[in-house]
Amino acid sequence: MRRAGVIAGALAVACLSAGCGPTVEEVAPESSVVVTVAPSTKADPDAGLWDPCGLPDSAISATGLDPGSKVPDVGGVDFDGWKVCSWQGSTGWYSLAVLSGEPTLQEVRSRTDFVGFTDRTVGSRPAVQFRDAGDDRGLTCSISVEVPEGSVMFTLNTRYSVGKQGDPCTEVRRHADDLAVHLP
């Protein structure tokens, strides 16, 4: 499943921005992405994180995502320190992953594998929009939104099997704005 590889890549980048250390490797099947994370020192590293899978189906549908396509975690793997959920866009050409974690907006901005930073406001919250440095074709776009326990990252990934049928940054901004009222 190509989508799992793309989402795993997004989580890998997000995890690296949180400062995960190199001790345990997870490889997403059908992907060349290797995610390296440190073992948790907390009893429950996800405790206190907002769970994006708890977004109401009515809100998911209203923003143009398919509630029936909800996938928790990344390719069935639960990463310590992150809560992740993704959905397919109703138009079928992209998926949207929503990742809740501890990285601050400053930590996101300091990543050298992100480019094109643009300050945004999502709802009334500070946010930053960016792209992956290796995305020469403009197939992905992300927005990280500041929340009390870190940030919530919205990442839109074009489905390679369908192809880009719009602007990923326009779409990810729309979804983030639509779902902002549900953020912690």
Side-chain angles (χ1 to χ4, degrees), residues 3-20 26 28 31 33 35-37 45-46 48-55 59-60 63-65 70-75 77-89 94-135 138-158 167-184:
R3 177 177 60 162
V6 172
I7 295 170
L11 184 59
V13 171
C15 182
L16 291 172
S17 72
C20 298
E26 294 286 345
S31 171
V33 175
V35 178
T36 305
V37 296
D46 300 340
L49 290 178
W50 174 74
D51 186 358
C53 286
L55 285 164
I60 294 301
T63 193
L65 299 170
K70 176 168 62 175
V71 177
D73 304 321
V74 176
V77 177
D78 177 20
F79 288 89
D80 285 351
W82 287 95
K83 294 215 179 185
V84 182
C85 209
S86 65
W87 296 265
Q88 292 292 321
Y94 64 85
S95 64
L96 181 78
V98 183
L99 303 89
S100 175
E102 295 180 357
T104 65
L105 293 186
Q106 186 56 42
E107 289 170 327
V108 170
R109 287 179 222 267
S110 70
R111 298 295 309 162
T112 58
D113 48 349
F114 293 154
V115 296
F117 295 100
T118 305
D119 288 331
R120 300 275 184 206
T121 301
V122 172
S124 61
R125 301 167 192 259
V128 62
Q129 177 182 303
F130 53 93
R131 290 187 179 272
D132 293 338
D135 181 20
L139 299 175
T140 67
C141 192
S142 299
I143 293 180
S144 283
V145 182
E146 186 176 272
V147 295
E149 297 298 321
S151 62
V152 172
M153 183 184 300
F154 295 83
T155 298
L156 189 135
N157 296 293
T158 298
D167 177 39
C169 289
T170 298
E171 293 300 313
V172 77
R173 280 193 310 268
R174 181 177 62 78
H175 290 304
D177 286 338
D178 289 349
L179 297 171
V181 299
H182 300 285
L183 297 179

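- To the nearest 0.5 angstrom, Trp50 atom CH2 is 5.0 Å from Leu183 atom CG.
- Closest heavy-atom contact between Ala176 and Val122: O-CG1, 3.4 Å.
- Considering only heavy atoms from C-beta on, Phe130 comes within 4.5 Å of Val108 through its side chain.
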*Would you sort out whether Asp119 and Arg109 count as a side-chain contact (heavy atoms from CB on, under 4.5 Å), showing the intermediate values?*
CA-CA 10 Å; Asp119 288 331; Arg109 287 179 222 267; 2.4 Å; yes
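- Looking at heavy atoms from C-beta onward, Tyr94 lies out of side-chain contact with Cys141 at the 4.5 angstrom threshold.
- At a cut-off of 3.5 Å, with distance as the only test, no side-chain donor of Asn157 or Thr140 sits close to an acceptor on the other residue.
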*Taking it one step at a time, do Arg173 and Ile143 satisfy side-chain contact (heavy atoms from CB on, under 4.5 Å)?*
CA-CA 7 Å; Arg173 280 193 310 268; Ile143 293 180; 3.3 Å; yes
_side-chain contact (heavy atoms from CB on, under 4.5 Å) between Gln88 and Leu96, worked out_ = CA-CA 6 Å; Gln88 292 292 321; Leu96 181 78; over 6 Å; no
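- Arg131 pairs by the side chain to side chain donor-acceptor pair (under 3.5 Å) definition with nothing, not counting sequence neighbours.
- The heavy-atom pair separating Leu105 from Ser151 by the smallest distance is CD2-CB, 4.4 Å.
- The shortest distance between side-chain heavy atoms of Lys83 and Leu99 does not fall below 4.5 Å.
- We find that Asp178 and Arg174 are joined by a salt bridge, their nearest charged nitrogen and carboxylate oxygen being less than 4.0 Å apart.
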